[in-house]
Amino acid sequence: QVQLVESGGGLVQTGGSLSLSCALSGGTFSSYTLGWFRQAPGKEREFVMAIDYIGSRTYYADSVKGRFTITRDNAKNTVYLQMNSLKPEDTAIYSCAASFRLSAGLVGRRAAYNYWGQGTQVTVSS
């Protein structure tokens, strides 16, 4: 079945940038809504950004508006999360998720996604 593998995490100073990648295999990439979630120690997993299966509409959490960008490259079966102006509050394990053609009202809900990657650590130092 569908598998997702994240990469690109690391350590960066406040104000720096990182770009995360998530490669999908085992399915038709263009059929899936793709999302990024994150979980910090002691906190619940939260929605970050998502992009629809068409690739023409994106969704975002208020906490990352203007700083993060989500894109997808269907030719490479990969979704990206470009993170700029990073803050210590962005420190978390970032996971990508996929589900078949989610409606707009479901893209931010963890339960709506049926495929998940293992996550990649992002640490932002002050």
Side-chain angles (χ1 to χ4, degrees):
Q1 61 178 27
V2 172
Q3 296 186 55
L4 300 166
V5 180
E6 305 95 335
S7 62
L11 175 65
V12 64
Q13 295 183 23
T14 297
S17 299
L18 280 176
S19 181
L20 306 182
S21 300
C22 174
L24 181 149
S25 62
T28 303
F29 186 81
S30 60
S31 297
Y32 294 93
T33 297
L34 300 165
W36 286 96
F37 293 78
R38 66 187 183 185
Q39 186 170 27
K43 298 182 179 180
E44 64 182 6
R45 184 173 295 176
E46 66 176 355
F47 170 72
V48 179
M49 297 198 80
I51 187 166
D52 67 12
Y53 64 94
I54 299 175
S56 62
R57 189 170 182 179
T58 60
Y59 309 83
Y60 56 87
D62 289 342
S63 60
V64 304
K65 183 180 180 180
R67 300 189 298 122
F68 292 10
T69 303
I70 187 170
T71 56
R72 65 189 296 163
D73 187 338
N74 288 357
K76 296 182 178 180
N77 288 1
T78 301
V79 61
Y80 303 92
L81 182 66
Q82 177 64 48
M83 305 183 293
N84 300 322
S85 301
L86 284 163
K87 307 173 182 179
E89 304 94 280
D90 296 318
T91 296
I93 296 176
Y94 284 71
S95 300
C96 64
S99 189
F100 182 77
R101 298 182 180 180
L102 294 179
S103 63
L106 295 176
V107 295
R109 297 181 178 271
R110 291 170 291 175
Y113 293 85
N114 51 357
Y115 302 109
W116 291 84
Q118 287 72 41
T120 185
Q121 177 70 48
V122 172
T123 302
V124 184
S125 62
S126 60

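Computed from a prediction, not measured in an experiment: that's the story for all the values here.
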Could you grab the distance from atom [atom1] of [X] to atom [atom2] of [Y], nearest 0.5 Å is fine?
X    : Y   : atom1 : atom2 : answer
Q1   : S25 : CD    : OG    : 10.5 Å
F29  : T78 : CZ    : OG1   : 6.0 Å
N77  : R72 : CG    : CZ    : 9.5 Å
Q121 : L11 : CD    : CG    : 9.5 Å

Nearest heavy atoms of [X] and [Y], plus distance in Å:
X    : Y   : answer
V124 : T91 : N-OG1, 2.9 Å
S126 : P88 : CB-CG, 4.3 Å
V122 : G9  : CG2-CA, 4.2 Å
S85  : S17 : N-OG, 4.3 Å
M49  : L81 : SD-CD1, 3.9 Å
A98  : L24 : CB-CD1, 4.1 Å

Give a yes or no on this: more than 12 heavy atoms of other residues, nucleotides or ligands lie within 6.0 Å of atom OH of Y60.
no
Tell me if the CD atom of E46 is crowded by more than 12 foreign heavy atoms within 6.0 Å.
yes
So W36 and V79, do their side chains get closer than 4.5 Å, heavy atoms only?
yes
Is any side-chain heavy atom of T71 less than 4.5 Å from a side-chain heavy atom of Q82?
no
For the residue pair F47 and F37, does the interplanar ring angle fall in the parallel (under 30°), tilted (30 to 60°) or perpendicular (over 60°) class?
perpendicular
Can a donor-acceptor pair be found, under 3.5 Å and without considering hydrogens, that links the side chain of [X] to the backbone of [Y]?
X   : Y    : answer
S56 : I54  : no
T14 : S125 : yes
E6  : C96  : yes
T58 : I51  : no

With sequence neighbours excluded, residues passing side-chain hydrogen bond (donor to acceptor under 3.5 Å, both in side chains) with D73
none
Under the side-chain hydrogen bond (donor to acceptor under 3.5 Å, both in side chains) test, which residues partner Y53, sequence neighbours left out?
none
Could I get the full list of side-chain contact (heavy atoms from CB on, under 4.5 Å) partners for S31, not counting sequence neighbours?
T28, F100, R101
Only counting residues at least two apart or in another chain, list the ones meeting salt bridge (Lys or Arg N to Asp or Glu O under 4.0 Å) with D90.
R38, R67
Answer with yes or no whether the hydrophobic clustering places [X] together with [Y]; edges join I, L, V, M, F, W, Y residues whose side-chain heavy atoms lie under 4.5 Å apart.
X   : Y    : result
V12 : Y94  : yes
L20 : F68  : yes
Y59 : L102 : yes

Atom pairs and distances, donor-acceptor, side-chain atoms in residues 106-113, under 3.5 Å, two or more places apart:
residue, atom, partner, partner atom, Å
R110, NH1, R45, O, 3.4
Y113, OH, V107, O, 2.6

Test side chain to side chain contact (heavy atoms under 4.5 Å, CB included) applied to Y32 and V2, step by step:
CA-CA 10 Å; Y32 294 93; V2 172; 3.3 Å; yes
The criterion is ring pair (Phe, Tyr, Trp, His ring centres under 6.0 Å); which residues satisfy it with Y80, sequence neighbours excluded?
none
